[in-house]
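Below: the structure, in structure tokens.
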Amino acid sequence: MKILMVCLGNICRSPLAEGILKSKVNSEKVFVDSAGTGAYHIGHLPDERSIEVAKKYGIDITDQKARQISSDDFDVFDIIYAMDESNFNNILALSRSEKDKKKVKMILNE
């Protein structure tokens, strides 16, 4: 299974969600990544506050670099979790088919 977490800039919520989920799944069975709908922070580390929150719970997210989601991600990932409604709609706008759309879910609805 391959899961993608998506927020706006990929420096706050989605890197933290990626780190948390990675800490809870078997990495041999589940691949977790994150991305942003915007291109504001491509290549940057997660925000210092997110790094500190993760660290407080024994999770290291300093190996992550921000990237922007693309339509190719629909070919790679089984589930794409949006962190909020605005990003949910932006992800759907990238979808190419009903199959793509069915992969997109709101994180708090699961």
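Side-chain atoms are counted along with the backbone in the values below, which use heavy atoms only and exclude waters and symmetry mates.
Note that the CE atom of Met83 and the CG atom of Leu108 stand 8.0 Å from one another [nearest 0.5 Å]. Atoms CG and CD1, from Asp47 and Ile11 in turn, are 5.0 Å apart once rounded to the nearest 0.5 Å. Within the model, atoms CD of Glu85 and CG of Asn109 stand 9.5 Å from one another, a figure rounded to the nearest 0.5 Å. Ile107 contributes atom CD1, which lies 11.5 Å from atom SG of Cys7 (distance to the nearest 0.5 angstrom). Rounding to the nearest 0.5 angstrom, the gap separating the CG atom in Leu4 from the CD1 atom in Ile91 is 7.5 Å.
Under the rule for a side chain to side chain contact (heavy atoms under 4.5 Å, CB included), the partners of Ser71 that lie at least two apart in sequence or sit in another chain are Arg96. The salt bridge (charged side-chain N to carboxylate O under 4.0 Å, His left out) check on Glu48 picks up nothing, with sequence neighbours excluded. Here Asn90 pairs with nothing under the side-chain hydrogen bond (donor to acceptor under 3.5 Å, both in side chains) rule; sequence neighbours left out. With sequence neighbours excluded, the residues satisfying side chain to side chain contact (heavy atoms under 4.5 Å, CB included) with Val25 are Leu21, Val30, Val32. By the side chain to side chain contact (heavy atoms under 4.5 Å, CB included) test, Ser27 is found to be paired with no residue, residues two or more places apart in sequence or in another chain being considered. For Lys22, the side-chain hydrogen bond (donor to acceptor under 3.5 Å, both in side chains) partners are Glu18, not counting sequence neighbours.
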*Could you give me the CA-CA distance, side-chain angles and deciding distance for Val104 and Ser95, then say whether side chain to side chain contact (heavy atoms under 4.5 Å, CB included) is met?*
CA-CA 9 Å; Val104 184; Ser95 67; 5.7 Å; no
Less than 3.5 Å apart, which donor and acceptor atoms pair up between the side chains of residues 62-70 and the rest of the protein, not counting sequence neighbours?
unit_1: Thr62; atom_1: OG1; unit_2: Asp60; atom_2: OD1; d: 2.5
unit_1: Thr62; atom_1: OG1; unit_2: Asp60; atom_2: OD2; d: 3.4
unit_1: Gln64; atom_1: NE2; unit_2: Pro15; atom_2: O; d: 3.2
unit_1: Arg67; atom_1: NE; unit_2: Asp33; atom_2: OD2; d: 3.2
unit_1: Arg67; atom_1: NH1; unit_2: Asp73; atom_2: OD1; d: 3.4
unit_1: Arg67; atom_1: NH1; unit_2: Asp73; atom_2: OD2; d: 3.1
unit_1: Arg67; atom_1: NH2; unit_2: Asp33; atom_2: OD2; d: 3.3
unit_1: Arg67; atom_1: NH2; unit_2: Asp73; atom_2: OD1; d: 3.0
unit_1: Gln68; atom_1: NE2; unit_2: Thr37; atom_2: O; d: 3.0
unit_1: Ser70; atom_1: OG; unit_2: Asp72; atom_2: N; d: 3.3

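Screening residues 7-16 for side-chain hydrogen bond (donor to acceptor under 3.5 Å, both in side chains), with sequence neighbours left out, gives Asn10-Ser14, Asn10-Ser34, Arg13-Asp84. Sorted by first and then second residue, the ring pair (Phe, Tyr, Trp, His ring centres under 6.0 Å) pairs with a member in residues 5-48 read His41-His44; sequence neighbours excluded.
Between the Lys103 side chain and the Phe74 main chain, a donor and an acceptor come within less than 3.5 Å of each other.
Between Lys101 and Glu98 there is a salt bridge, since at least one side-chain N of the basic residue sits less than 4.0 Å from a carboxylate O of the acidic one.
Heavy-atom minimum distance, Ala82 versus Asn87: CB-C, 4.2 Å. Phe88 approaches Met106 most closely through the heavy-atom pair CB-SD, 3.6 Å. In terms of heavy atoms, Tyr81 sits closest to Ile3 at CD1-CG2, 3.6 Å.
Both Phe77 and Leu94 belong to a single network of hydrophobic side chains, linked directly or stepwise wherever heavy atoms of I, L, V, M, F, W or Y lie under 4.5 Å apart.
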